[in-house]
Amino acid sequence: MTAEAPTAPALAHGRLVPVTVHFDDLDALGMLHNARYPVMVERAWTQHWREQGYGFDGDWAAAGDFCNVVKELRISYEAPVTRPGTYAVHLWLERLGTTGLTYGFRFCSTDGSRTYAQGTRVLVRLDADTLRPTAWSDDFRASGRELLRPAD
């Protein structure tokens with residue numbers, strides 16, 4: 001008789017993106033340093049948007065929707081990550097406005113069953129010339145809608 005592996009919980013919204021924690025991401029106590037969580041989340045979002053055809057290659061004018069800045073970051077640490085290895089970031093959009101968006105995230109186990117940290121981040125799209133808020137493109141908004149969390 002063989003034991004079956006437990007089934008990972010199905011995601012009700014968003015997607016899981018694998019990330020790797022390296023030994024040098026750990027602090028002196030052997031835990032993932034608190035400042036590394038947002039970096040891991042940023043890497044996961046960057047991977048997601050690159051897969052959708054968006055990115056920044058050094059030219060703000062050409063960056064389009066990737067010409068954006070962080071307005072706010074909130075994070076809650078739920079459980080320590082105590083070893084290097086593969087984890088995941090669960091990504092979704094809480095809100096997609098005209099010039100801004102709020103995304104949610106969970107730093108979690110690869111199957112999404114255990115949460116180590118969670119939070120939200122607010123981004124504002126900028127005009128590359130004026131550095132003032134400007135509207136997201138229609139294509140970006142269409143891509144973003146796929147990640148919107150359903151209303152409760």
Side-chain angles (χ1 to χ4, degrees), residues 7-22 25-27 31-82 84-152:
T7 304
L11 294 178
H13 58 277
R15 68 174 284 208
L16 286 175
V17 177
V19 294
T20 302
V21 172
H22 298 279
D25 292 319
L26 305 180
D27 64 15
M31 293 185 278
L32 182 59
H33 190 280
N34 68 82
R36 302 302 292 168
Y37 288 85
V39 171
M40 300 287 177
V41 171
E42 181 71 18
R43 288 178 181 163
W45 273 113
T46 299
Q47 177 182 329
H48 168 77
W49 289 121
R50 285 220 180 261
E51 291 170 1
Q52 305 303 312
Y54 300 96
F56 177 72
D57 293 319
D59 180 354
W60 283 114
D65 292 294
F66 238 56
C67 183
N68 59 66
V69 293
V70 176
K71 180 177 181 183
E72 178 181 293
L73 171 67
R74 294 177 186 257
I75 187 168
S76 174
Y77 302 96
E78 308 298 330
V81 170
T82 58
T86 303
Y87 295 86
V89 177
H90 178 194
L91 307 172
W92 68 90
L93 290 182
E94 290 282 337
R95 183 187 70 79
L96 179 57
T98 302
T99 63
L101 62 79
T102 302
Y103 68 69
F105 64 88
R106 286 186 316 121
F107 190 92
C108 55
S109 57
T110 57
D111 66 359
S113 65
R114 180 156 189 211
T115 299
Y116 298 98
Q118 59 188 334
T120 59
R121 189 170 174 181
V122 177
L123 295 179
V124 177
R125 165 109 195 270
L126 298 180
D127 177 276
D129 294 325
T130 65
L131 299 182
R132 300 290 306 151
T134 193
W136 302 107
S137 70
D138 290 340
D139 287 343
F140 183 85
R141 293 178 60 72
S143 291
R145 279 197 273 298
E146 296 175 12
L147 291 176
L148 274 172
R149 180 178 171 171
D152 293 332

Quiz item: Are Phe140 and Asn68 close enough, and set up right, to give a side-chain contact (heavy atoms from CB on, under 4.5 Å), and what steps lead you there?
Solution: CA-CA 13 Å; Phe140 183 85; Asn68 59 66; 6.0 Å; no
Do [X] and [Y] make a side-chain contact, defined as non-hydrogen atoms from C-beta onward lying under 4.5 Å apart?
X: Cys108; Y: Leu16; result: yes
X: Val89; Y: Trp45; result: no
X: Trp136; Y: Leu96; result: yes
X: Glu78; Y: Phe107; result: no
X: His13; Y: Glu94; result: no
X: Pro18; Y: Thr110; result: no
X: Val70; Y: Leu123; result: yes
X: Tyr103; Y: Leu147; result: no

Counting only heavy atoms not in [X] (residues, nucleotides, ligands), do more than 12 fall under 6.0 Å from its [atom1]?
X: Arg132; atom1: CZ; answer: no
X: Asp138; atom1: CG; answer: no
X: Arg74; atom1: CZ; answer: no

Judged by atom type as modelled, is there a donor-acceptor pair below 3.5 Å linking the side chain of [X] to the main-chain atoms of [Y]?
X: Arg50; Y: Phe56; answer: yes
X: Arg95; Y: Leu148; answer: no
X: Arg125; Y: Gly64; answer: yes

Quiz item: Could you walk me through whether Asp139 and Ser137 pass the side-chain hydrogen bond (donor to acceptor under 3.5 Å, both in side chains) check?
Solution: CA-CA 5 Å; Asp139 287 343; Ser137 70; 5.5 Å; no
Exercise. Take Val81 and Tyr37, measure what side-chain contact (heavy atoms from CB on, under 4.5 Å) needs, and give me the verdict at the end.
Key: CA-CA 10 Å; Val81 170; Tyr37 288 85; 3.7 Å; yes
Quiz item: Checking side-chain contact (heavy atoms from CB on, under 4.5 Å) for the pair Val41/Val19: CA distance, chi angles, key distance, verdict?
Solution: CA-CA 9 Å; Val41 171; Val19 294; over 6 Å; no
Self-check item: Matching residue for Tyr116 among Phe105, Tyr77, Tyr87 - test: ring pair (Phe, Tyr, Trp, His ring centres under 6.0 Å)
Solution: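 Among Phe105, Tyr77, Tyr87, the one that satisfies the ring pair (Phe, Tyr, Trp, His ring centres under 6.0 Å) with Tyr116 is Tyr87.
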Self-check item: Inter-residue atom distance His48.NE2 - Gln52.CD, 0.5 Å rounding
Solution: 4.5 Å
